[in-house]
Amino acid sequence: MTPTGPRITRRRFLQAVGAAGGAAAVLGSMEALRLVAPAGEHRQPFDPPRKSDFALQGRANGTRVLILGAGIAGLTTAYELEKAGYACEILEARERPGGRNWTVRGGTTETEIDGPAQTASFTEGQYFNAGPARIPQHHTTLDYCRELGVPIEIFANQNADGWYYNEEANGAIGPLTGQRIRHRTAQADYLGYVSELLAKAISQGALETELSADDAVRMVEFLRGLGALGPEDRYVGGASRGYVVPPGAGLQAGAVDAPPALSDLLASQLGFYFPFEHEWDQAMLMFQPVGGMDRIPRALADAITGRILYGVEVAGIANTPAGVAITFAEGDDVREVTADYCVCTIPPMILSRIPNDFRTDVQTDLASLRPVSTGKIGLEYRRRFWEEDDRIFGGITNTNMDIGTIWYPSHGYLGERGVVVGYYNYVNDADAYAAMTPQAREARALEQGRKVHGPAYADEFVSSFSASWRRIRHSEAGWVAWDERTGAVGEAFIRLLEPQGRVYFAGDHLSHVTAWQHGAFETARSVVTQLHQRVLQG
Ligand code: PHE
C-alpha cells in the first residue's frame, strides 16, 4: 500500500478476498495480515526419521546410538530414532524411567542427598506429581500423549473460587492481609477500580491526546462492562465478587457485600498474582495425564524396543576414532559400552562432574549453569474438605507465605480422599524447605496451610511425602536458569547446542522452554534431526 495509492482498508481487502475465495481464503488472508494467529503457530515442524530414508540410499541402518538418561529427552530420542531403525540403548541411573517426571504413590521411596529415607504411605489410588504437573495446550507434550495413547484430563490451573491469602509480610499490609479472599472477589475488585479510574480519567478529558472522541466513548462503554461499574461510573461491587447470602428459592434474592476500599486493596498486593494466570504457558485450559504424569514416560518406555539399563551411573564419556565409549558403574562393576553416537541428557550440574573429552570451554559451560531450587509436598487427606467445606474443585490457592501455593487435585472429585500439594515453591523458599527434614517440612506445611483452611487442614491429614529437587539424586535441580541464550552472554547456550564429536546434548536446559517437558521433547527432536542428517550424509 503506497501513500499515494487508493486507501484500501483491511476490512475492504478482506471482503474482496472473501468474495473470490470463500471463508478459507478469508482466514488465510487474515493470517497473512496477522489479524489472527497463524493456525500452525503451536507446532514446530518435525519430520521423524524413517527407515525408507536409508532404503533410498540402498543400505540398511545399523547405526548404534547410546542414550544417557531415560527422562523425557532420552526416551523421546530413542523413540524417534527407532522409527528409522537405529539401534538404541539407554543408560539410566534410576530404577525407573521419567527423570523429573515423577508421580508419587503409596510405596514410592526416595532418599534425598544427605537426607533420611522416605516412603510414601498414600492410600491405593492416591498420588501427586512431584515434578511436572500441568501441560498447556500448545506444548508438544500433548502430541506425544495422542501418539502414545495416553489419555488426558483437564488440570485446573485457575479456579475462581480458589483462595488468595497474603499475610502482612513482604510489603503486603492492611485489613485485607491475614484473611482468605476468593480469586473471583479480588479480580472483580481490581477490575472494578481500574475501570472506574480509567473511565473517570477519560470522562474528565485526561486522555484526549491518546483517544479520539469515538475511542473515548467506546472505551468508557467497555470499561462499564469490564468493571461492572455502577451509577456515575463508580465501582460498588456486585455478584461477580461473590455473595454473602447466596441466591436461592422463592424470596431469597441473595446479598452481596460492599467492596473494600481501593487503598486497602492496593495495600494487600493480591493483584500481583494475576499476571501469572495469563502467561503464555499458564493460562487455562491446561491438561494432565489421567492417573499421573508418569503415564507419559511409561508409555514411551513401553514403545521403545531397545534396552533400557536401569540403576547404572555413567562414569566416563569419550569419543573414539569411530564412535563413542561410555563407561558406567553397575553396583561395584565398571563396564564399558561403545556405539556410533551418544545422546547425553544428563543434567549439566551432574554431567560436569563426569570425566569426559569435551572441549574445555564446553566443560566450563556445563559447570557454569545455575540450578534452580524447587520443591513440593503431597499431603493426603481422609476428607476432601476443600470441596465439602469451601466448594473448591481443583485449582490453586496463592499465598505470600513460604509455601507459595496450595494445589487441590484435578481428579477424583467428590471422592473420599485426596492428595493436596501443600507447598510448591521456588528459589529461597524452596531452599528453606530443602534444609528441613521431611517431618519438619510436613509440620511447617500444615501450620501454614492451616491459616488458610483452619483446623481441618491438620485434623483430616493422613500422611505426606516431600521432594526437594536440589537434593534429589540424579537431578539436583528443578531446572536451570539462563541469563541469556543469545549474543555474547548466551555463548554457553549456543556452544552446548553443538555436538562434542559424536556426543550430542539434549534436555529442556537446551531450549527456550526450560522447566517444561515441552523443552525436553523439542530438544530431543532437534538432536534426532541433526544426528539423522549426519548419518545419512556419512
Ligand atoms: N513448568 C513449571 C510450572 O508450571 C515451572 C515453571 C513455573 C515454569 C513458572 C515457568 C513459570 O510450575
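Computed from a predicted model, the values in this text were never measured in an experiment. Each ligand, and each atom within it, is numbered from 1 in the order the structure gives.
Among R384, H453, R182, the single residue meeting the side chain to side chain donor-acceptor pair (under 3.5 Å) criterion with D390 is H453.
No cation-pi contact links R134 to F155, judged by a cut-off of 6.0 Å to the six-membered ring centre and 45° from its axis. Geometrically, K376 does not engage W469 in a cation-pi contact, judged by NZ or CZ lying under 6.0 Å from the ring centre and within 45° of the ring axis.
Checking R134, K376, H139, M286 against atom 3 (C) of ligand 1, the nearest heavy atom belongs to R134. Nearest-residue assignment for atom 5 (C) of ligand 1 (options Y424, W516, Y426; heavy-atom criterion): Y424.
Considering only non-hydrogen protein atoms, atom 2 (C) of ligand 1 sits nearest to A515 O, 3.5 Å. When hydrogens are left out, the protein atom nearest atom 11 (C) of ligand 1 is Q282 NE2, 3.8 Å; that is the closest non-hydrogen contact.
Taking a cut-off of under 4.0 Å to the non-hydrogen atoms of F276, the atoms of ligand 1 that pass are 9 (C). Of all the atoms in ligand 1, the ones that sit under 4.0 Å from a non-hydrogen atom of W479 are 5 (C).
By the side-chain contact (heavy atoms from CB on, under 4.5 Å) test, Q179 pairs with L176, I181, sequence neighbours left out.
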### From CA spacing to verdict: salt bridge (Lys or Arg N to Asp or Glu O under 4.0 Å), E380, R417
CA-CA 7 Å; E380 185 183 353; R417 294 169 171 258; 3.0 Å; yes
